[in-house]
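One structure below.
Along the sequence shown, the residues carry numbers beginning at 1.
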Amino acid sequence: MSVTTAYVSDLPLEWTSPVLTSRSPVEPGVVLWDLDLVLLPSRRLDREAHRVAFARVTGKRPVHEPPMLDQTDPLYAVDLLCQNGFARIGARRTLPVYLPALTTAYRALAKRRPWLLPRPCPDAFARLRRSATVPGAFITTKLRPNALLTLSATGLDQYLDPSAGAFGSDHVDRAKLAEIALARAERNYGVERSGAAL
């Protein structure tokens, strides 16, 4: 099965990531979705969870917050800590405490303040539903527990396969996540990765 690159959102291309979809006329294809930039572009819950986690770990709310663009949760946590007085090596050493606090905060906020949960982008969600006959792989900068909670809360778990996903907890570098997701899709569905790139 060959894989080629295509875009699945009408958002400006500079704000979207290409997805990978098979053009094989015989074999089923696999689409690699960007959960954060295409399907669920809101990051309100992520940002508030980081604020709560920071407060639990340090005893105070963050004063300075870096922009939340496309960093993985671990990388954003390091940036947040560094902008609030931590040396980078100290920030990295704090992650084993910070990341569990982030997961706890995310789960609690989703339960107490469900309006913070992101809503699927209507156009992208419609395209996802139309492609439901093919396996749905994805990448996300979120930690795995937070991503799975979000998939369940938004109903996207009906269309996306967590076993073919790549998470912020898999690698701190977002650029590496596509390779991880493709490797899992290859294992699950027999996708050939030659020429595939995100």
Exercise for review: Compare all side-chain heavy atoms of Leu35 with those of Leu151 and state whether any distance is below 4.5 angstrom.
Suggested key: yes

Revision key, fill the gap. Glu65 and Pro62 have their tightest heavy-atom pair at OE2-CG, 4.2 Å

Point to revise | Within one Ile-Leu-Val-Met-Phe-Trp-Tyr cluster: Met68 and Leu80, side-chain cutoff 4.5 Å | key: yes

**Study point:** For Thr72, all residues meeting side-chain hydrogen bond (donor to acceptor under 3.5 Å, both in side chains), sequence neighbours excluded
**Key:** none

Study note, to complete from the structure: Between Tyr76 and Pro66, the two heavy atoms sitting closest are OH-O, 3.2 Å

Check your understanding: In this structure, are over 12 heavy atoms from other groups packed under 6.0 Å from Arg61 atom CZ?
Key -> yes

Exercise for review: Walk me through it: do Asp36 and Asp70 pass the test side-chain contact (heavy atoms from CB on, under 4.5 Å)?
Suggested key: CA-CA 8 Å; Asp36 306 307; Asp70 59 355; over 6 Å; no

Review point. Is Leu81 reachable from Val97 through a run of hydrophobic residues whose side-chain heavy atoms are each under 4.5 Å from the next?
Key: yes

Check your understanding: Are Asp79 and Arg88 ion-paired here, with the side-chain N under 4.0 Å from a carboxylate O?
Key -> yes

Exercise for review: Determine whether Arg93 and Tyr98 make a side-chain contact, defined as any pair of heavy atoms from C-beta on separated by less than 4.5 Å.
Suggested key: no

Check your understanding: Taking side chain as C-beta onward, heavy atoms only, is Glu186 less than 4.5 Å from Leu182?
Key -> no

Practice item. Find out whether Gln71 and Thr141 are in side-chain contact, i.e. whether some heavy atom of one side chain is under 4.5 Å from a heavy atom of the other. Key: no

Study note, to complete from the structure: Tightest non-hydrogen contact, residues Leu143 and Asp73, listed as N-OD2, 3.1 Å

Check your understanding: Looking at the rings of Tyr159 and Phe125, which for Trp means the six-membered one, are their centres under 6.0 Å apart?
Key -> yes

Check your understanding: Do you know the tightest heavy-atom contact between Ala91 and Cys82?
Key -> CB-SG, 4.0 Å

Check your understanding: Does the ring center of Phe138 lie less than 6.0 Å from the ring center of Phe167?
Key -> yes

Check your understanding: In the single-linkage hydrophobic clustering (I, L, V, M, F, W, Y; side-chain heavy atoms under 4.5 Å), do Leu148 and Leu40 co-cluster?
Key -> yes

Review point. Are Asp170 and Arg184 close enough for a salt bridge, meaning some N to O gap below 4.0 Å?
Key: yes

Review point. Is the number of heavy atoms from other residues, nucleotides or ligands within 6.0 Å of CZ (Arg44) greater than 12?
Key: yes

Check your understanding: Should Glu179 and Lys176 be marked as a salt bridge (Lys or Arg N to Asp or Glu O under 4.0 Å) after you check the CA-CA gap, both sets of side-chain angles, and the distance that decides it?
Key -> CA-CA 6 Å; Glu179 181 71 14; Lys176 303 292 186 183; over 6 Å; no

Review point. When clusters are formed by joining ILVMFWY residues with side-chain heavy atoms under 4.5 Å apart, either directly or through shared neighbours, do Leu75 and Phe86 land in the same one?
Key: no

Point to revise | Side chains of Arg56 and Thr104 in contact at under 4.5 Å (non-hydrogen atoms) | key: yes

Study note, to complete from the structure: On a heavy-atom basis, the closest approach of Lys60 and Phe54 is O-CD2, 3.1 Å

Exercise for review: Run through the side-chain heavy atoms of Ile, Leu, Val, Met, Phe, Trp and Tyr, join any pair under 4.5 Å, and report what else lands in Trp115's cluster.
Suggested key: Leu45, Val52, Tyr106, Leu109, Leu116, Leu117, Leu149

Exercise for review: Go through the structure and list residues passing side-chain hydrogen bond (donor to acceptor under 3.5 Å, both in side chains) with Asn188, not counting sequence neighbours.
Suggested key: Ser163

Review point. Are side-chain N/O atoms of Arg47 and Ser42 paired as donor and acceptor at under 3.5 Å?
Key: no

Check your understanding: Where do Ile180 and His171 land on the side-chain contact (heavy atoms from CB on, under 4.5 Å) test, with the steps shown first?
Key -> CA-CA 9 Å; Ile180 294 171; His171 202 289; 4.0 Å; yes

Revision key, fill the gap. Between Leu95 and Pro100 the two heavy atoms that sit nearest each other are O-CD, 3.9 Å

Exercise for review: Decide yes or no on side-chain contact (heavy atoms from CB on, under 4.5 Å) for Val78 and Val172, but give the supporting numbers first.
Suggested key: CA-CA 10 Å; Val78 170; Val172 297; over 6 Å; no

Review point. Would Leu156 and Thr150 satisfy side-chain contact (heavy atoms from CB on, under 4.5 Å), going step by step from the backbone distance to the final call?
Key: CA-CA 8 Å; Leu156 293 178; Thr150 302; over 6 Å; no

